[in-house]
Amino acid sequence: MDNTLLKIKQLRKELEEHNYNYYVKSNPTISDFEFDKKMKELQDLEKDNPMFFDPNSPTQRVGNDINKAFKQVKHIYPMLSLGNTYSKEEVAEFYNRISKTLNEPFEIVCELKFDGTSVSLIYENGKLLRAVTRGDGEKGDDITENVRTIHSVPLYLQGNDFPDFFEIRGEILMPWNVFERLNNEREKDEEPLFANPRNATSGTIKLQNSAEVAKRNLDAYLYYLLGENTPHKYHYENLQTIKQWGFKVSNDVVKCKNLEEVFAFIDKWDIERKLLPVATDGIVLKVNSLKQQQLLGLTAKSPRWAIAYKFQAEKAETRLNSISYQVGRTGAITPVANLTPVQLSGTIVKRASLHNSDIIEELDLHIGDMVYVEKGGEIIPKITGVNKEARILIGDKIKFINHCPECGTLLIRKNGEAAHYCPNDNNCAPQIKSKIEHFISRKAMAIDGIGEETINLLYNQGLIKTYADLYKLTIADITPLERMGNKSAQNIITNIEKSKNIPFERVLFALGIRYVGETVAKKLAYSLHNIDAIQNASFEQLKAIDEIGEKIAESVVNFFIEEKNVQLIQELKQIGLRFFVEEEKIQNKTNKLNGKTIVISGTFSQHSREEYKEIIANNGGKNTSSISAKTDFILAGENMGPSKLQKAESLSIKIISEEEFLNLLK
Ligand code: IVH
């Protein structure tokens with residue numbers, strides 16, 4: 001090898017080691033001065049020899065300021081979330097359920113639940129290949145460049161006993177001290193503050209300038225090694241091994257043999273977590289044996305072999321100064337309490353949600369009361385009680401408003417519902433504006449270049465009253481707006497035009513029908529195929545669709561009862577938005593493999609292994625990695641492994657070739 005390259009490689013390796021000692025082990029073995037000197041040497045060598053560039057070089061951890069939109073990447077395995085529990089009873093239920101299902105000894109691994117942004121990392125031949133956000137669980141943003149700047153994420157692995165290709169998941173975090181420093185700076189610059197380290201992390205990781213990300217000093221803990229080729233058949237043991245590859249794994253992971261040990265872990269960390277440098281919001285319990293994990297399986301959203309226990313929120317006491325009322329997208333009125341700022345779980349709280357008038361009544365709130373605030377899972381804290389003893393001078397009792405604070409319309413309260421609504425959805429400004437904001441949002445029509453502010457301006461100028469009006473905008477309409485120019489106007493128009501290609505399920509989501517979120521929109525689109533069928537479906541027909549309940553069915557029916565909605569859709573149809581699922585996509589989805597458990601083995605010629613996994617899922621089947629009595633058949637390509645073959649034969653499981661499989665689906 002070229003001598004210069006040898007020197008470069010040696011320096012990279014050395015610097016990565018120092019990096020590991022400093023950021024993962026918190027145990028540096030050289031001075032900062034020595035480190036900087038070596039870094040400078042490497043930088044100079046790389047500069048003079050650009051042909052030896054490596055994106056994973058330690059010199060690249062400073063990031064760059066090239067703006068690039070994130071590429072969307074499909075996850076190899078979907079990124080599930082965890083079921084939540086809030087009490088020890090529920091933890092015991094989880095434990096007993098596992099015990100009953102498995103009916104054999106098992107161990108539970110207890111870990112801290114880190115409160116940041118989850119990330120999936122892919123390593124190939126010992127090098128970081130890709131880092132992807134959770135996204136919608138199926139696909140996420142490629143944030144590799146940003147993740148390279150996180151010093152505790154190894155760019156090259158240590159040792160040589162890691163698989164050639166593997167995925168590992170963990171949490172990106174902003175340590176408390178970094179969070180505080182960042183918010184202090186933002187306060188000085190009059191920029192909006194981050195509510196908590198979790199928001200600060202996700203805001204940082206989405207920055208499109210990795211040099212900025214590098215300045216934010218993020219950290220990352222890893223907690224889940226995936227795949228069929230893990231070094232051990234046990235989660236705990238895998239965690240110990242990945243530490244040796246250079247990953248940062250919490251030292252506070254324990255194996256428990258019974259419920260008492262689990263409870264002891266919970267009790268200990270409910271207190272001690274306050275001393276940790278990063279935010280945690282609970283404990284994660286996982287079945288240790290991967291074989292048992294497989295037996296327990298998954299639900300659509302989360303694994304049955306793991307659960308999160310969430311810590312009780314911390315409480316603070318402060319004064320209630322006034323109440324304001326916000327109008328949401330659907331006209332729902334949310335009362336918000338304005339408080340004397342108070343420190344709570346590391347952040348400053350100034351406002352709290354009061355949800356609805358019943359809660360105000362129940363709490364018997366008066367202006368000037370000393371109230372208790374808590375932070376639950378949500379970012380917005382809530383008021384949970386009043387310190388009546390502190391009521392010296394009693395202020396006015398809070399009376400819920402009767403009229404919309406924005407448009408003055410008399411509020412209504414539907415039977416059985418807790419919220420008050422402003423029924424003036426055609427003319428009440430915040431309702432119209434937030435409907436449009438929802439319409440253009442990333443998961444809906446993804447119209448980039450317009451934000452809350454632009455919508456505000458366009459609305460105030462009388463240029464948009466419904467989301468259909470967006471499609472009538474011209475460059476001349478937009479250019480004169482504040483902080484716009486011809487180029488950005490041009491851009492916006494192009495993006496609006498592009499949105500006409502957004503698939504039906506997202507258009508359906510964009511319409512903002514109450515309770516029709518992303519998943520429900522997908523379900524409706526693939527069950528009924530086009531908007532006319534959805535519009536004409538009766539309450540019963542809708543309810544008969546898997547996962548569609550009464551509440552959703554009623555909301556859909558009500559949406560189409562309103563003439564103005566029908567007209568709006570008519571208008572959008574004429575504009576050219578997609579209101580049907582493409583024939584091709586329908587054909588690719590069947591129930592032909594419903595209830596079938598299929599193992600894939602060997603190499604294939606017509607589709608990749610990943611594609612076959614997708615085909616199985618699209619047709620209602622389930623793909624598992626190891627053969628058991630529950631396997632219905634094996635989809636076998638070339639060179640199926642001998643041990644799999646033997647196992648299949650011993651259990652008399654059918655083996656199907658690629659051609660046979662594809663014929664089956666025709
Ligand atoms: S395991 C299939 N372990 O919590 C199981 N998750 O509410 C995958 N999280 O999306 C997750 N600490 O972002 C696991 N020690 C831990 C965790 C953890 C934090 C996050 C993760 C996940 C979310 C679920």
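Read the numbers this way: they start at 1 and go in the same order the structure lists the ligands and their atoms. Keep in mind that what you see is a predicted model, and the values were worked out from it rather than measured. Count residues from 1 along the sequence.
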For this session: Among Y95, W305, Y234, find the one that has a ring pair (Phe, Tyr, Trp, His ring centres under 6.0 Å) with F106.
Result: Y95
Exercise. Closest approach of I653 and I627, non-hydrogen atoms and distance?
Worked result: CD1-CG2, 3.5 Å
Exercise. Counting heavy atoms only, which part of R169 comes closer than 4.0 Å to ligand 1: side chain, backbone, both or neither?
Worked result: neither
For this session: Show which atoms of ligand 1 fall inside a sub-4.0 Å distance from at least one heavy-atom site of L82.
Result: 5 (C), 6 (N), 7 (O), 24 (C)
Exercise. Which atoms of ligand 1 sit under 4.0 Å from any heavy atom of E111?
Worked result: 3 (N), 15 (N), 16 (C)
Exercise. So is E171 polar-close to ligand 1, meaning N/O to N/O under 3.5 Å?
Worked result: yes
Exercise. Considering only the protein, which heavy-atom contact is closest to atom 22 (C) of ligand 1, and what is its distance?
Worked result: Y223 OH, 4.2 Å
Exercise. Hey, is M79 one of the residues with a heavy atom under 4.0 angstrom from ligand 1?
Worked result: no
Exercise. Do the rings of F311 and Y309 sit parallel, tilted or perpendicular, given the 30° and 60° boundaries?
Worked result: perpendicular
Exercise. Between Y20 and H151, does the ring centroid distance fall short of 6.0 Å?
Worked result: no
Exercise. Between L112 and ligand 1, which part of the residue brings a heavy atom under 4.0 Å of the ligand: side chain, backbone, both or neither?
Worked result: backbone
For this session: Give the contacting part of V284 toward ligand 1: side chain, backbone, both or neither, where contact means a heavy-atom distance below 4.0 Å.
Result: side chain
For this session: Could you tell me whether E374 and K382 have a side-chain N and a carboxylate O separated by less than 4.0 Å?
Result: no
Exercise. Which atoms of ligand 1 have any heavy atom of P303 under 4.0 Å away?
Worked result: 2 (C)
Exercise. How does K113 reach ligand 1, if at all, at less than 4.0 Å between non-hydrogen atoms: by side chain, backbone, both, or neither?
Worked result: both
Exercise. Salt bridge or not for R169 and E167, using N-O below 4.0 Å?
Worked result: yes
Problem set entry | Minimum-distance protein heavy atom relative to atom 3 (N) of ligand 1 | K286 NZ, 3.0 Å
Problem set entry | Option among F265, Y236, Y223 that satisfies the side chain to side chain contact (heavy atoms under 4.5 Å, CB included) test with V253 | Y236
For this session: Please report which non-hydrogen protein atom sits nearest to atom 12 (N) of ligand 1, along with the residue it belongs to and the distance in Å to one decimal place.
Result: F114 N, 2.9 Å
Exercise. Got the closest protein heavy atom to atom 8 (C) of ligand 1, with its distance?
Worked result: Y224 CD2, 3.9 Å
Problem set entry | Selection residues 122-141 - residue pairs positive for ring-ring contact (aromatic ring centres under 6.0 Å, His included), sequence neighbours left out | Y123-F166, Y123-F247
Exercise. When the ring centroid of F263 is compared with that of W269, is the distance short of 6.0 Å?
Worked result: no
